[in-house]
Q: 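Sharing a structure, written as structure tokens. Questions coming.
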Amino acid sequence: MDKTLELLKKSDALLEGHFILSSGKHSNKYIQCAKLIENPVYCEEVANIIGEKLKEKGIEVDLCVGPAMGGVIISYELARKLGVNAIFTERENGRMTLRRGFEIKEGMKVIIVEDVITTGKSSFETVDVIRSCGAEVLALTSIVNRSNKDEINGLPIISATKIDVDTWDEDEIPDELKNIPATKPGSRSLK
């Protein structure tokens, strides 16, 4: 079994039910990476897996940027593995931005670090912030890639594991989910 999947299961991070994802899509499964991250040993193991995959691909970075909230801790842990700094973006008035004195210098080589990538929305809001500073984004990284893609908008996705999970728009929810109350465990508010 895939080591990351094993750690997610040991952490009780793989949930079943009816969920509304941060993207607004509905799913019968949810990956609550916070349950894995709360264990520092598991978090370090997953960061090491992502770091090794970056090394195998020859990707060297100057900075890890994690979109808040899900990317903050894993970004720090991956940065520690890579020997670089970690910062995070967060929403202010509904827009992803840099705060708290964080800076991204022109020409820096940066990776985005997420807990889970589904549609890439938070990642690409962060890509825009990084590019506006004149830095280069080399890859999207995550604990779990559930996007069913190897790249989004030309950026490779490098994840500790891939998990295929079905998602549906609200008007396409299957009958078996319609009678289950939906919960929204993600951190991004829907408009």
Side-chain angles (χ1 to χ4, degrees), residues 1-8 10-11 13 31-92 96-118 120-147 149-163 187:
M1 175 188 289
D2 164 324
K3 180 64 175 178
T4 303
L5 194 55
E6 179 185 318
L7 294 173
L8 287 164
K10 283 170 74 172
S11 304
I31 303 147
Q32 183 57 275
C33 284
K35 295 296 291 176
L36 178 141
I37 290 170
E38 75 180 353
N39 182 316
V41 173
Y42 293 176
C43 189
E44 180 181 21
E45 285 186 59
V46 170
N48 287 340
I49 292 167
I50 298 167
E52 287 304 312
K53 289 184 177 188
L54 288 165
K55 186 177 176 182
E56 288 168 13
K57 295 192 178 291
I59 296 174
E60 294 183 19
V61 303
D62 302 314
L63 182 67
C64 293
V65 179
M69 279 301 298
V72 174
I73 295 171
I74 189 62
S75 178
Y76 168 82
E77 197 62 44
L78 181 55
R80 192 162 70 95
K81 158 83 175 154
L82 299 175
V84 300
N85 284 349
I87 64 172
F88 57 90
T89 56
E90 59 190 307
R91 292 186 195 288
E92 183 175 52
M96 198 64 86
T97 188
L98 285 176
R99 296 181 59 213
R100 304 172 194 274
F102 291 144
E103 292 180 285
I104 300 173
K105 294 187 173 108
E106 188 171 342
M108 286 185 110
K109 297 190 180 316
V110 181
I111 56 172
I112 309 291
V113 187
E114 292 264 29
D115 55 353
V116 178
I117 293 176
T118 302
K121 182 175 176 13
S122 295
S123 294
F124 276 93
E125 290 176 288
T126 300
V127 166
D128 291 343
V129 171
I130 294 165
R131 288 180 175 161
S132 74
C133 296
E136 180 184 1
V137 179
L138 301 180
L140 309 176
T141 67
S142 63
I143 298 170
V144 177
N145 176 359
R146 62 174 280 169
S147 74
K149 299 176 183 178
D150 293 325
E151 65 91 30
I152 300 176
N153 296 340
L155 288 175
I157 301 171
I158 299 166
S159 298
T161 194
K162 276 180 150 179
I163 298 176
S187 62

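All residue numbers refer to positions in the sequence shown, counting from 1.
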Q: Is Lys162 paired with Asp150 through a side-chain N to carboxylate O contact shorter than 4.0 Å?
A: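 The answer is yes: the pair qualifies as a salt bridge.
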Q: Would you name the heavy atoms of Val110 and Ala135 that are closest together and state the gap between them?
A: CG2-CB, 4.0 Å
Q: Any chance you could lay out the side-chain contact (heavy atoms from CB on, under 4.5 Å) test for Leu82 and Ile111, step after step, and finish with the verdict?
A: CA-CA 11 Å; Leu82 299 175; Ile111 56 172; 4.1 Å; yes
Q: Excluding sequence neighbours, so at least two apart, what forms side chain to side chain contact (heavy atoms under 4.5 Å, CB included) with Ile163?
A: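 Ile163 satisfies side chain to side chain contact (heavy atoms under 4.5 Å, CB included) with Leu5, Leu8, Leu14, Ile31, Val144, Thr161, Val165 once adjacent residues are dropped.
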Q: Is any side-chain heavy atom of Ser11 closer than 4.5 Å to a side-chain heavy atom of Asn39?
A: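 In short, these two side chains do not touch, never coming nearer than 4.5 Å.
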Q: If I take atom OG from residue Ser132 and atom CG from residue Leu98, how far apart are they, to the nearest 0.5 angstrom?
A: 7.5 Å
Q: Please name the pair of heavy atoms, one in Asn145 and one in Ser159, separated by the smallest distance, quoted to 0.1 Å.
A: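 Closest pair (atom of Asn145, atom of Ser159, distance): CB-OG, 3.2 Å.
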Q: Going through the checks in order, is the side-chain contact (heavy atoms from CB on, under 4.5 Å) test met by Leu155 and Ile112?
A: CA-CA 10 Å; Leu155 288 175; Ile112 309 291; 5.9 Å; no
Q: Who passes ring-ring contact (aromatic ring centres under 6.0 Å, His included) against Phe88, sequence neighbours left out?
A: Phe102
Q: Between Glu125 and Val129, does a side-chain contact (heavy atoms from CB on, under 4.5 Å) hold up when you go through it step by step?
A: CA-CA 7 Å; Glu125 290 176 288; Val129 171; over 6 Å; no
Q: Please list all pairs passing the ring-ring contact (aromatic ring centres under 6.0 Å, His included) test where one or both residues lie in residues 45-78, with sequence neighbours left out.
A: none
Q: Which heavy atom in Thr126 sits nearest to a heavy atom in Met96, and how many Å separate them?
A: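 Shortest heavy-atom separation between Thr126 and Met96 comes out as OG1-CG, 3.7 Å.
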Q: Around atom CD of Glu151, are there more than 12 heavy atoms from other residues, nucleotides or ligands closer than 6.0 Å?
A: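 More than 12 within 6.0 Å, yes.
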Q: Rounded to the nearest 0.5 Å, what's the gap from NZ on Lys53 to CD1 on Ile59? Could you check?
A: 12.0 Å
Q: List the steps, then state whether side-chain contact (heavy atoms from CB on, under 4.5 Å) holds for Val46 with Ile37.
A: CA-CA 9 Å; Val46 170; Ile37 290 170; over 6 Å; no
Q: Determine, step by step, whether Arg80 and Glu77 satisfy the salt bridge (Lys or Arg N to Asp or Glu O under 4.0 Å) criterion, reporting the C-alpha distance in whole Å, the side-chain angles of both residues, the deciding distance to 0.1 Å, and the verdict.
A: CA-CA 5 Å; Arg80 192 162 70 95; Glu77 197 62 44; 2.4 Å; yes
Q: Do NZ/NE/NH1/NH2 and the carboxylate oxygens of Lys3 and Glu6 come within less than 4.0 Å?
A: yes
Q: Rounded to the nearest 0.5 Å, what's the gap from SG on Cys43 to CG on Leu7? Could you check?
A: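 Here the interatomic distance stands at 10.5 Å.
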Q: Could you state the interatomic distance from OG1 (Thr4) to CD1 (Ile49), rounded to the nearest 0.5 Å?
A: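 Rounded to the nearest 0.5 Å, the OG1-CD1 separation comes out at 3.5 Å.
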Q: Count the heavy atoms belonging to other residues, nucleotides or ligands that lie under 6.0 Å from CD of Glu106, then report whether that count exceeds 12.
A: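 Result for CD/Glu106: open.
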Q: If we count only N and O atoms by modelled type, under 3.5 Å, do the side chains of Ser123 and Glu114 hold a donor and an acceptor together?
A: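 A donor-acceptor contact under 3.5 Å links the two side chains.
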Q: At their closest point, which heavy atom of Ile50 faces which heavy atom of Ile143, and how far apart are they?
A: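 Of all heavy-atom pairs spanning Ile50 and Ile143, the closest is CD1-N, 4.1 Å.
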Q: Per the side-chain contact (heavy atoms from CB on, under 4.5 Å) rule, which among Val137, Leu78, Val84, Val113 passes with Val61?
A: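 Of the listed options, the one satisfying the test is Val84.
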Q: Just by distance, do the side chain of Lys81 and the backbone of Glu44 share a donor-acceptor pair under 3.5 Å?
A: no
Q: Counting distance only, does the side-chain N/O of Ser75 pair as donor-acceptor with the main-chain N or O of Val72 below 3.5 Å?
A: no
Q: For the residue pair Gly70 and Ile74, what are the closest heavy atoms and their distance?
A: O-CG2, 4.0 Å
Q: Which atoms form the tightest heavy-atom contact between Ala79 and Ala86, and what is the distance?
A: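 So the two residues come closest at CB-CB, 3.5 Å.
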Q: Do you know which of Arg131, Lys109, Lys105 makes salt bridge (Lys or Arg N to Asp or Glu O under 4.0 Å) with Glu136?
A: Lys109
Q: Within this structure, what is the CD1-CD1 distance for the pair Ile130 and Ile87, rounded to the nearest 0.5 Å?
A: 7.0 Å
Q: With rounding to the nearest 0.5 angstrom, report the OG1 to CD1 distance, Thr141 to Ile117.
A: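 One finds 6.5 Å between OG1 of Thr141 and CD1 of Ile117.
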